[in-house]
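These figures come from a predicted structure and were not determined experimentally. All values below were derived from every heavy atom in this structure, side-chain atoms included, with hydrogens, water molecules and symmetry-related copies excluded.
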Amino acid sequence: MKETMLIAVDCGKYSTKAIGKYQGNTYTTTFRTKMQQVSRLGVDIQPNSYHVEYYGNEYLLGDMVSEDYSDFSLNKASRIHQLAIYTAITQLLQKAKASINVDIRLGVNVPITTYKDSIQKENFKQMVEKRGHTIHLMVNGNAYSIELSDVTLAFEGMGEIYAKTDEYKNKNTIVVDIGGLNTTFCTFKGIQPLINTMVVSDLGMNVLKGIIGKVINERYGMTVSSDDLEQVLRRGYFASKGEIYEDSKVMIEEMKLAHLQQIIQFAKSRGYTFNMSDIQFVGGGALTLRRYIKQEFPSAVILDNPQYSNCLSFLKILEIKNG
C-alpha cells in the first residue's frame, strides 16, 4: 500500500507557499511567483530559485527572476501557476525524503471568482491534474514524476478558519486577505462561508507599488523599475545614487495608509459594515500594512504568519477528506 503525503499549496501572484505532511512531520517551502523562459541556462542557481525543464522548455522561477516577470493576469489557469505548483510539490518531496511511489493528495487555491464558477473550476482542476497523466519535470537537475489524481480546490481568503475550527465555529468572522494582485473579502458564519460576501478587489500590493512609482517619478523626476519598487516598499524609503531621500519615508507611509483606506472603502461599497464580527487580516500585504490596520481596526487579528494561514486551512481540509 502506498504511503500518502498531504500537500497544500497557496500559489499567489506575489509568492507561492506550500506545506506538506508526511509520516507525521510537517515541511514548508516558499518562493516568489516569478518566471521567465530561458535557454541553455548556465549560471549557478541561487537559493529560492529553480531551473525547471518541462516538456522541452526551460524556465527560471523565483528570486533570480526580475520583478518585470511578475504575473499580473487575473487568471490562474496559466503556465506560471502550473509550474509554481509543481515546483512547490517537488521541493516538499525533497525535504521530506518521500518515497518515489508516494501517493500525493493535493489541495490548491483558486480565486473566489473561479471557485464560484463550475466550468472555470473544472478547467483549473484538469490543468493541475494534467488530465490524469503523469507529470514529468526536472527541477535544479533532479528528475521528478508526479501523479495528481485527486486535487482538492479551496478558495482564497479563508485564513485560518478551517485550521482552527473549534476556535471559530461559534463566531462570525470577516477575513480580509491582502495579496499581491487582489484583496479578497469573505464573511464566515461559524465555519460556513457566506457566498454573497465573497468579493474580490484588485487592490493588492502591486497597485500600491504602482502608485508609489508614479509619485516618485512626479516628485523627483526619476523613473523607477519594478525591482526598485519592490525594494522601496520593503525598506520604506527611496534612494538614488546612494542618497536616501528623507522626505520619501513620510510619503510612503502616507500612501500605505491611503491604500488601506481604499481597501476599506471598497469593502463598504460591497455591503461590509465591519459590525458584529471578528476581523482577521491575512496575506503578505497584512504585514506591510500592519501599522495602519492596527490603527483602523485596533481589535483586528493579524496572524503571526499570515502568508501561511490559507495553507494551514487547506491542509486541514485535506486531513479531514483523507482521514
Describe, in one word, how the ring planes of [X] and [Y] are oriented to each other, choosing from parallel (under 30°), tilted (30 to 60°) and perpendicular (over 60°).
| X | Y | answer |
| --- | --- | --- |
| F238 | Y245 | tilted |
| Y162 | F188 | perpendicular |
| Y54 | Y86 | tilted |

Side-chain contact test, heavy atoms from C-beta onward, threshold under 4.5 Å: evaluate it for [X] versus [Y] and give yes or no.
| X | Y | result |
| --- | --- | --- |
| Y308 | T28 | yes |
| D278 | N172 | no |
| E156 | V200 | no |

Side chains of [Y] and [X]: any donor to acceptor distance under 3.5 Å?
| X | Y | value |
| --- | --- | --- |
| T114 | D117 | no |
| Y168 | Q280 | yes |
| Q23 | E3 | yes |

Check [Y] with [X], please: is the shortest side-chain N to carboxylate O separation under 4.0 Å?
| X | Y | value |
| --- | --- | --- |
| K34 | D68 | no |
| E253 | K249 | no |
| R40 | E58 | no |
| K316 | E160 | no |

Next item on the list: Please say whether the positively charged group of R32, taken as NZ for Lys or CZ for Arg, lies over the ring of Y14, i.e. under 6.0 angstrom from the six-membered ring centre and within 45 degrees of the axis.
Entry: yes
Next item on the list: Determine, for Y272 and K268, whether the Lys NZ or Arg CZ falls below 6.0 Å from the six-membered ring centre while staying within 45 degrees of the axis.
Entry: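 No.
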How far apart are the closest heavy atoms of [X] and [Y], and which atoms are they?
| X | Y | result |
| --- | --- | --- |
| T33 | C11 | CG2-SG, 4.4 Å |
| V207 | D202 | CG2-O, 3.0 Å |
| V175 | G159 | CG1-N, 3.9 Å |

Next item on the list: Take D166 and K164 through the test salt bridge (Lys or Arg N to Asp or Glu O under 4.0 Å) and record every step on the way to the result.
Entry: CA-CA 6 Å; D166 288 345; K164 299 180 179 178; over 6 Å; no
